[in-house]
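Following: one structure in structure tokens, then a few remarks.
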Amino acid sequence: MSFVSQLECSVCSKRREAAQIHNLCECGGPLLVRYDLAAAQKSWTRDSLTTAPKSMWRYAPMLPVRDPAHVVSLGEGMTPLIHTARFGERLGAKNLWVKDEGVNPTGSFKARGLSCAISMCVELGLRKVAIASAGNAGSALAAYAAAAGLEAHIFMPRDVPQSNYTECRAYGAHVTLVDGLISDCARLIAERKDAEGWFDISTLKEPYRIEGKKTMGYEVAEQFGWTLPDAIFYPTGGGVGLIGMWKAFEEMEALGWISSQRPKMIAAQAEGCQPVVRAFEQGESKSAFWENAHTVAAGLRVPKPLGDALSLAAIRASGGTAVAVSDEELLDASIALAAATGVFPAPEGGACIAALSKLLANGFLHSDDRIVIYNTGTGLKYLEAFSTRFPRTSASEHDKLGGLITPR
Ligand SMILES: Cc1ncc(COP(=O)(O)O)c(C=O)c1O
Ligand SMILES: [Zn+2]
């Protein structure tokens with residue numbers, strides 16, 4: 001089933017056995033899963049996908065799970081790629097597409113990474129997992145841990161969207177609300193995980209979530225008939241989806257499935273937390289901690305991403321860029337997309353639309369470029385953020401009004 005061969009450190013290139021439990025390399029670098037691409041090329045063809053499952057597990061030969069019985073799936077992936085012609089025309093992008101990740105289990109693309117990582121926990125015999133999450137990864141972990149019967153420990157900021165907290169509790173996870181950011185949550189796990197026997201499944205601290213997320217790259221190629229768009233907008237918190245898609249493109253080229261053409265990879269961030277944008281603009285290979293991080297796009301509130309060097313390298317190699325937008329801009333853009341297309345995006349998805357407007361205005365992108373926006377979640381998970389735009393009159397005011405018009 002899987003052509004997995006080894007794990008390789010993304011910093012020092014040291015290789016390790018794949019079928020063992022690993023977190024970071026001793027040099028501190030995130031580990032990446034490598035496959036026997038030469039063997040895969042001989043026996044795994046694009047045509048075989050016509051009979052493959054309609055989920056991200058259609059790409060199982062390029063996923064790390066060896067025994068299909070270990071796969072924990074809730075139907076993640078194979079999300080719609082929607083041509084938003086009228087909306088695109090209005091923005092000045094005639095060939096605009098939205099990859100709608102909001103339809104995934106638990107309402108975000110985080111389902112992909114956690115389906116893969118929890119499957120690997122089952123394969124490796126791990127029973128207790130812990131995660132530091134900005135929100136949606138916690139929800140996805142809670143759901144997949146519930147599906148697999150594992151014990152989940154979730155550390156999230158106290159002001160996380162209510163939906164995320166509610167989901168985690170409903171799925172039976174142990175939730176710790178932290179007065180701080182995702183970086184503080186990560187520290188708490190690091191302090192306690194050995195004593196508690198938790199496997200740390202936080203972003204890039206294990207090699208498998210990125211493998212699930214990379215399937216967003218396989219899918220866009222398959223949905224476009226094995227070609228890639230000119231530009232991809234990705235709302236970048238930890239940057240894992242961006243790094244994962246870049247990895248997927250390399251694998252697909254080695255498999256002989258796509259050419260060497262690559263999209264410009266464009267990171268969208270929020271003005272209140274833009275470490276990757278700042279590092280990109282200053283020509284740095286790594287980001288520096290962003291102080292006082294704040295934005296309603298909770299998934300973008302990552303002040304110091306562990307995978308910053310990998311994201312920045314991919315953005316630069318692709319000829320892409322990094323753009324910050326304000327919370328006002330990203331909420332406006334979210335609502336504009338919803339009203340024009342029927343896709344109600346997460347604010348993170350809205351950030352991509354706002355960033356696109358900027359790059360069309362400054363000529364970085366052109367009206368006939370084929371552009372894909374990753375809407376990484378559904379707006380339904382952010383009711384507090386959107387309610388500021390759609391306040392309701394209170395019941396008592398309504399009653400007063402009703403009383404004036406129709407005496408009762
Ligand atoms: C909806 C949403 N979009 C984007 C992100 C950022 O994802 P990544 O870590 O892959 O950059 C998150 C992370 O929490 C998220 O929840
Ligand atoms: Zn290393």
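In each ligand, atom 1 is the first atom listed, and ligand 1 is the first ligand listed.
Ion pairing of Arg389 with Glu328 is present here, as a side-chain N (NZ or NE/NH1/NH2) and a carboxylate O approach within less than 4.0 Å. Using a 4.0 Å cut-off between a side-chain N of Lys or Arg and a carboxylate O of Asp or Glu, Glu281 and Arg278 do not qualify as a salt bridge.
Not a single salt bridge (Lys or Arg N to Asp or Glu O under 4.0 Å) links Glu206 to another residue, sequence neighbours left out.
Separating the CZ atom in Arg112 from the CD atom in Glu101 is a distance of 4.0 Å, to the nearest 0.5 Å.
Using modelled atom types and a 3.5 Å distance limit, the side chains of Asp200 and Asn23 yield no donor-acceptor pair.
To the nearest 10 degrees, the angle centred on the Zn ion (ligand 2) between SG in Cys25 and SG in Cys12 reads 110°.
Of the candidates Glu211, Glu8, Glu253, Glu211 is the only one forming a salt bridge (charged side-chain N to carboxylate O under 4.0 Å, His left out) with Lys247.
Under 4.0 Å from any atom of ligand 1, one finds heavy atoms of residues Phe109, Lys110, Asn136, Lys213, Tyr234, Pro235, Thr236, Gly237, Gly238, Gly239, Val240, Gly241, Gly299, Glu348, Thr376, Tyr382.
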